[in-house]
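Read the structure below first, then the notes.
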Amino acid sequence: MPRSTVARIDLQALRRNYLAACSRAGGAQVMAVVKADGYGHGIGPVAAALDGLAPKFAVACLEEALAIRDAGLQQSVVLLQGVHAGGDLADCEQGGFEPVLHSVQQVEWLERSGKRPAFWLKVNSGMNRLGFHPVDLPSVVARLQAMGVDHELLGFVTHFACADDPDSTMTAEQTSVFERATAPFEGRMKSVGNSAAHFLPDQPLYDWSRPGIMLYGGSPMVGKTGPELGLAPVMSLEAPLISTRVVPAGESVGYGGSWVADRNTRMGMVAIGYGDGYPRHAGTNTPAAINGRRIRLIGRVSMDMLAVDLTAAPEAREGDSVELWGQTVGVDEVAACAGTISYELLTGITARVRRQYR
Ligand SMILES: *Cc1c(COP(=O)(O)O)cnc(C)c1O
């Protein structure tokens, strides 16, 4: 029998969240970002669940695009990092993958390969990770036109650094830099808009938006949870209670003896740990739930298990299922307790945890 530690994936919730993104996208079409194994939910089942809804997918790299084809899906797939070798352009042309070219090196690969995939150009509007500076854009486009790939150049992409913070002025600044940079190339498509941009009033999303985390029910906005933004949790991470005991006042639990009982405390051990991707930084008082009741972690998370205080759930028995995050405890809450974001928790669930689809 497999261990009952499991990530239950609600594909109906995923579809609802995709439709929520569409309703917030203005006139833009919505490509579903399914990189990092569908944010830890399984790229094949996630993409298949969006078949018939999402006209386009976006991933980081070629391997992920191929995984979408392996799932039997034919939608075009944007490669957000472009290609990592010139030879990959042949796979793009053949596979219907649209690399986002962000460097002179990648343009040279395109020139030398003789391959003609449809592609995008990345504009650096201020995030300063990847992309062509607006000053250099006209010469890059001219070079591409001279190469005869005018028709394959679909349009321009940029990415926001601070869209998670509605008080930041940076998104508006990046938007205007992007508009000015692309204005000479009227008629090409434009794509901006991670999940957060869908929650900024009056933010233009142009032709294609690119939501990721919101599809999975995680919050893209600082200080807000997914459910507060109207998003449905998609992953419910569950593990069985495998032992219970009363720890006498004054005794400690787990590595380092970091938590000491201040009174006799009924506690339990749960079969999940950082070896499953549960964050070790989640300390005492991080919430979990059992039978719909909220409980709390105590002591340090180990590789294969963690401890919970069962005071608030006196009926809890060995074999009961503990929810680490899901409907009762939001993944954003756990992330906050671990000093990180839901993205890292969801993508960090390891292969040891079974994914079960509903
Ligand atoms: C990952 C990514 C997205 C999606 O971001 P979320 O914050 O998860 O919505 C969009 N665009 C690019 C370029 C990305 O790398």
Side-chain angles (χ1 to χ4, degrees), residues 14 17-18 20-22 24-25 28-41 43 46-47 50 54 56-65 68 77-84 97-103 106 119-132 154-166 168 170-171 174-175 178 189-200 203 205-226 229-231 233-235 331-332 335 340-348:
L14 175 86
N17 291 337
Y18 177 83
C22 293
R24 292 180 166 275
Q29 291 192 273
V30 178
M31 63 176 89
V33 182
V34 297
K35 60 190 179 184
D37 200 24
Y39 286 53
H41 296 66
I43 188 169
V46 160
L50 295 172
K56 207 190 265 295
F57 293 109
V59 296
C61 57
L62 182 62
E63 290 81 350
E64 295 176 328
I68 291 176
V77 184
V78 174
L79 307 186
L80 295 169
Q81 269 177 29
V83 290
H84 292 88
F97 307 146
E98 303 171 358
V100 176
L101 306 190
H102 61 78
S103 69
Q106 290 179 331
F119 66 97
W120 300 77
L121 279 186
K122 177 104 171 194
V123 179
N124 176 10
S125 59
M127 192 179 199
N128 286 323
R129 289 197 312 191
L130 299 177
F132 295 101
L154 298 171
F156 303 93
V157 169
T158 201
H159 196 48
F160 296 135
C162 300
D164 59 331
D165 176 7
S168 169
M170 189 154 177
T171 309
Q174 286 191 264
T175 301
F178 183 64
M189 293 192 288
K190 292 197 275 291
S191 172
V192 303
N194 50 359
S195 298
H198 294 72
F199 294 92
L200 297 178
Q203 173 62 44
L205 296 177
Y206 307 106
D207 301 289
W208 285 96
S209 74
R210 308 189 302 270
I213 193 69
M214 72 178 291
L215 305 181
Y216 310 97
S219 171
M221 306 307 276
V222 286
K224 285 255 195 293
T225 67
L229 294 170
L231 302 171
V234 174
M235 182 190 291
V331 64
D332 301 297
T340 185
I341 52 179
S342 61
Y343 300 69
E344 188 180 14
L345 298 193
L346 295 172
T347 59

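As the structure lists them, so they are numbered: ligands from 1, and atoms in each ligand from 1. Computed from a prediction, not measured in an experiment: that's the story for all the values here. Atoms considered below: every heavy atom in the structure, side chains included; atoms not considered: hydrogens, waters and symmetry mates.
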Ser191 and Met31: which non-hydrogen atoms are nearest, and at how many Å? OG-CE, 4.0 Å
Which atoms of ligand 1 are found less than 4.0 Å from any heavy atom of Ile213? 6 (P), 8 (O), 9 (O)
Looking at atom 12 (C) of ligand 1, what's its closest protein heavy atom, distance included? His159 CE1, 3.4 Å
Check each atom of ligand 1 against the heavy atoms of Pro211 and keep those under 4.0 Å away; list them by number with element. 9 (O)
Could you check if a side-chain atom of Trp120 sits within less than 4.5 angstrom of a side-chain atom of Glu98, using non-hydrogen atoms only? yes
Heavy-atom nearest neighbour in the protein, as seen from atom 11 (N) of ligand 1, with distance rounded to 0.1 Å: Arg210 NE, 3.0 Å
Counting non-hydrogen protein atoms only, what is the nearest one to atom 14 (C) of ligand 1? Give residue, atom name and distance. Lys35 NZ, 2.9 Å
How far does CG of Leu121 sit from CD of Gln106, to the nearest 0.5 angstrom? 10.0 Å
Quick check on contacts: which atoms of ligand 1 are under 4.0 angstrom from a heavy atom of Tyr343? 6 (P), 7 (O), 8 (O)
Between Tyr18 and Leu215, which heavy-atom pair has the shortest distance, and what is it? CA-CD2, 3.6 Å
So is Val33 polar-close to ligand 1, meaning N/O to N/O under 3.5 Å? no
Which ligand 1 atoms does Asn194 reach within 4.0 Å, using its non-hydrogen atoms? 5 (O), 6 (P), 7 (O), 9 (O)
Does the plane of the ring in Tyr39 sit parallel, tilted or perpendicular to the ring in Tyr343? Use 30° and 60° as the thresholds. tilted
Considering heavy atoms of the protein only, find what lies nearest to atom 8 (O) of ligand 1 and give residue, atom and distance to 0.1 Å. Tyr39 OH, 2.5 Å
Under 4.0 Å from any heavy atom of Ser195, which atoms of ligand 1 are there? 6 (P), 9 (O)
